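Comments concern the structure below.
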Amino acid sequence: MATAHSDLQFGGLVKCLIDKDILTAEDASKHNEQAKKKKVPIISYLVSNKLVDSNTIASVASVEFGVPYFDLNSIGTETLPTHLVSEKLIRQHHALPLFKRGTRLFIALSDPTNFQALDEIKFHTRLNTETILVEEDKLVSIIDSALEAADTSMTDMLDEDLDNLEISGGDEAPAQDDNDSDIDDAPIVRYVNKILLDSIKKGVSDIHLEPYEKTFRIRFRADGILYEAASPPANISHRIISRIKVMSKMDIAERRVPQDGRIKMHLSKNRAIDFRVNTCPTLFGEKVVLRILDPTSAQIGIEKLGFEPEQQELFMKAIHRPYGMVLVTGPTGSGKTVSLYTGLNILNKIERNISTAEDPVEITVEGINQVNMNVKAGLTFATALKAFLRQDPDIIMVGEIRDLETAGIAVKAAQTGHLVLSTLHTNDAPQTINRLVQMGIEPFNIVSAVNLIMAQRLGRRLCEHCKKPADYPDKIYLDAGFKQEELSDLEVFMPVGCEHCKEGYKGRVGIYQVMPISENMRALILRGGNAMEMAELSKSEGINDLRASGLEKIRQGITSLEEIDRITEE
């Protein structure tokens, strides 16, 4: 009777094992008590203690209950939708979500009669659950690896208190989404905070978060070059991106159109870092790019920008003139904003009224009246400039001259006693004149307004710890622009790579073409000279173009020939 009584307390899969004489009722009763003490399912206890082979259990269950058998070795953890079910439920029931089809969620179980697991997961996910039969030992292994990939990579943090970083966003209150209740989970919060802190410590300029079909990639742009910084599991990409959208006060329910936001991270009482955030819907989710805006970057001092002594003198002379226009040109990411703000910091005195119109404001500076463009509200560069001129300005900075109206107002401001600083997107200084003419600015207005045009690029600095002398054939040096007579004494260095740098480079230096508008240049502009003629005249007047300035940095051992080839067009 004792045996019968023991047999009656079991049902489902354990009863099948007893009926098949794989397990006795007495042993089942004893092992069940031990499983309860350890708070694990009895099937898990049997397999983990090697009391019954997992393959045997799976074979019996598949035949007896007509449930499809699945080999977990054929699936990768990166595709599992573990974010749909809490870690607590997964570990408590040894139930792993395998894939989702519409409103159906397929759950890997070693015991198909574990209806409690299916019911609880169905309640929490609001999805219909269906069983996929798997072997218990493989299930335990893949649960550990899947959850470790999603969790331990996020909890293995730095020593800083990542939970309590002071972070603020924009002014808009975020819209809440019922499906995004997990965006404030501590592991996600800590992981995002760690990514932001790592980017600051590594001197990164941009962070790219890119979801793909089966992977999720986080890249940093350091010294102008993108590299992969992390590759979290693809199934948590939505949670990470939603967390960033909440931090930057975006609408987390809107995933179909691009959004802009801002994050301010307070590192200390005296230092805060701004992140400009943009989302863009892609095929497999929203790509997010964060531009890191460090106010200290505009306070590095003009001596550290990379000017040659004569170039610095020309720039300083131009920005200290009481009126006229100083134009900085170059592609996106060439350091134009830092150069302009370095000049503005020099000019930022109590006796000067300085106003800037930017899209958006990247660096906030005390004492400068900064205006953020808002095209939807009708606040454009042109309207901001008109407003500035009614506010008794001394110095005006326009983020970018994009159209004839903005260019016309800026030129008139420069002609009427104001110093105007601005940027254009052209390749070099002579082409900037042609661009203004193409916009519709008359040559006589250009020559009366523009004082100086500066083209620039940012080149990577060679690492002082590992750079080594290069030994190239003479033809390489001559083709690069060096002269035959200097080759005997020329010492050129090349990158190596060490623990102090990335690929042999650390930090960046400015490469400049600083072209003042001389009397001869004014005459050429009035005659309708083209960019090639202006470049020849500038060269004859001793002004280095970008290539020549780059070669000078090579002579000084600051950068390499490969880097100058990369950033200049020749």
Side-chain angles (χ1 to χ4, degrees), residues 169-172 248-251 257-262 274-280 289 291 293 298 323-341 343-344 347 352-365 367-426 431-442 445-446 448-450 453-454:
D171 299 325
E172 296 290 327
S248 51
K249 298 294 186 282
M250 294 181 187
D251 181 356
V257 296
Q259 294 187 65
D260 290 295
R262 205 176 182 98
D274 283 340
F275 296 84
R276 193 178 79 210
V277 188
N278 176 266
T279 67
C280 184
V289 177
R291 166 66 61 87
L293 311 172
Y323 57 87
M325 186 180 286
V326 175
L327 296 173
V328 182
T329 181
T332 301
S334 60
K336 300 187 296 295
T337 301
V338 171
S339 294
L340 284 176
Y341 266 100
L344 286 177
L347 298 170
R352 295 191 178 108
N353 176 20
I354 304 176
S355 296
T356 73
E358 301 169 71
D359 185 21
V361 173
E362 294 192 2
I363 301 168
T364 56
V365 179
I368 296 178
N369 307 291
Q370 298 170 280
V371 178
N372 222 4
M373 296 301 93
N374 187 341
V375 176
K376 288 182 180 177
L379 180 56
T380 63
F381 284 122
T383 54
L385 268 174
K386 290 175 184 176
F388 290 166
L389 292 174
R390 295 191 289 270
Q391 295 218 328
D392 185 31
D394 295 302
I395 299 164
I396 296 171
M397 196 269 271
V398 185
E400 184 185 345
I401 294 177
R402 298 175 180 170
D403 52 53
L404 176 58
E405 185 180 12
T406 306
I409 299 169
V411 165
K412 288 176 185 175
Q415 291 171 329
T416 54
H418 308 96
L419 179 65
V420 179
L421 287 72
S422 190
T423 71
L424 277 90
H425 284 287
T426 56
Q431 287 184 32
T432 305
I433 301 293
N434 278 8
R435 176 64 56 83
L436 289 172
V437 172
Q438 289 165 4
M439 280 184 177
I441 304 296
E442 295 291 343
N445 280 326
I446 295 173
S448 64
V450 180
I453 302 173
M454 183 170 77

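Treat the numbers as computed from the prediction; the structure is a model and nothing was measured.
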(message) M373 vs V371, test: side-chain contact (heavy atoms from CB on, under 4.5 Å). Steps then yes/no.
(response) CA-CA 6 Å; M373 296 301 93; V371 178; 3.8 Å; yes

(request) Evaluate the side-chain proximity of L347 to L419: yes if any heavy-atom separation is below 4.5 Å, no if none is. (result) yes

(request) Compare all side-chain heavy atoms of V365 with those of L344 and state whether any distance is below 4.5 angstrom. (result) no

(message) One pair to check against side chain to side chain donor-acceptor pair (under 3.5 Å): D251 and Q259. What are the steps and the verdict?
(response) CA-CA 8 Å; D251 181 356; Q259 294 187 65; 5.7 Å; no

(message) Show the nearest heavy-atom pair for residues G330 and K336, with the distance to one decimal.
(response) O-NZ, 3.0 Å

(request) To the nearest 0.5 Å, tell me how far T432 OG1 sits from L327 CG. (result) 7.0 Å

(request) Indicate yes or no: at least one non-hydrogen side-chain atom of M439 is less than 4.5 angstrom from one of I401. (result) yes

(message) So does T329 get a backbone contact from the side chain of T426, meaning a donor-acceptor N/O pair under 3.5 Å?
(response) no

(message) Quick check for you: to the nearest 0.5 Å, what is the distance between L379 atom CG and N374 atom CG?
(response) 6.5 Å

(request) Provide the closest heavy-atom pair for S334 versus P331 in the form atom of the first, atom of the second, distance. (result) OG-O, 2.7 Å

(message) So which atom in S422 and which in G399 form the shortest heavy-atom distance, rounded to 0.1 Å?
(response) OG-C, 4.4 Å

(request) May I ask you to test the M397-E358 pair for a side-chain heavy-atom distance under 4.5 Å? (result) yes

(request) Please tell me if the side chains of L436 and L424 come closer than 4.5 Å, counting only heavy atoms from C-beta onward. (result) yes

(request) Examine distances only and state if a side-chain atom of N372 and a backbone atom of V361 form a donor-acceptor pair shorter than 3.5 Å. (result) yes

(message) Just verifying a value: how many Å separate D260 CG and M250 CE, rounded to the nearest 0.5 Å?
(response) 6.5 Å

(message) So, taking the atom named CD1 in I441 and the one named NZ in K412, what distance separates them when rounded to the nearest 0.5 Å?
(response) 8.5 Å

(request) Output yes when a side-chain donor or acceptor of R435 lies under 3.5 Å from a complementary backbone atom of H425, and no otherwise. (result) yes

(message) Taking the side chain as everything from C-beta on, heavy atoms only, tell me whether Y341 gets closer than 4.5 Å to T356.
(response) yes

(message) Between T406 and E400, is there a side-chain heavy-atom distance shorter than 4.5 Å?
(response) no

(message) Measuring from atom CD of Q415 to atom CE of M325, what distance do you get when rounded to the nearest 0.5 angstrom?
(response) 8.5 Å

(request) Evaluate the side-chain proximity of D403 to T380: yes if any heavy-atom separation is below 4.5 Å, no if none is. (result) no

(request) Might you point out which heavy atoms bring G378 and T383 nearest each other, and give the distance in Å? (result) O-OG1, 3.4 Å

(request) Run the numbers on D394 and N353 for side chain to side chain donor-acceptor pair (under 3.5 Å), then give the verdict. (result) CA-CA 5 Å; D394 295 302; N353 176 20; 5.5 Å; no

(message) Ignoring hydrogens, what is the shortest heavy-atom contact between A414 and V420? Give both atom names and the distance.
(response) N-CG2, 3.8 Å

(request) Look at the side chain of S355 and the backbone N and O of I396, then say whether any donor-acceptor pair between them is shorter than 3.5 Å. (result) no

(request) Evaluate side-chain contact (heavy atoms from CB on, under 4.5 Å) for H418 paired with L389, printing each intermediate quantity in order. (result) CA-CA 9 Å; H418 308 96; L389 292 174; 3.9 Å; yes

(message) So, taking the atom named OG in S448 and the one named CD in E442, what distance separates them when rounded to the nearest 0.5 Å?
(response) 11.0 Å

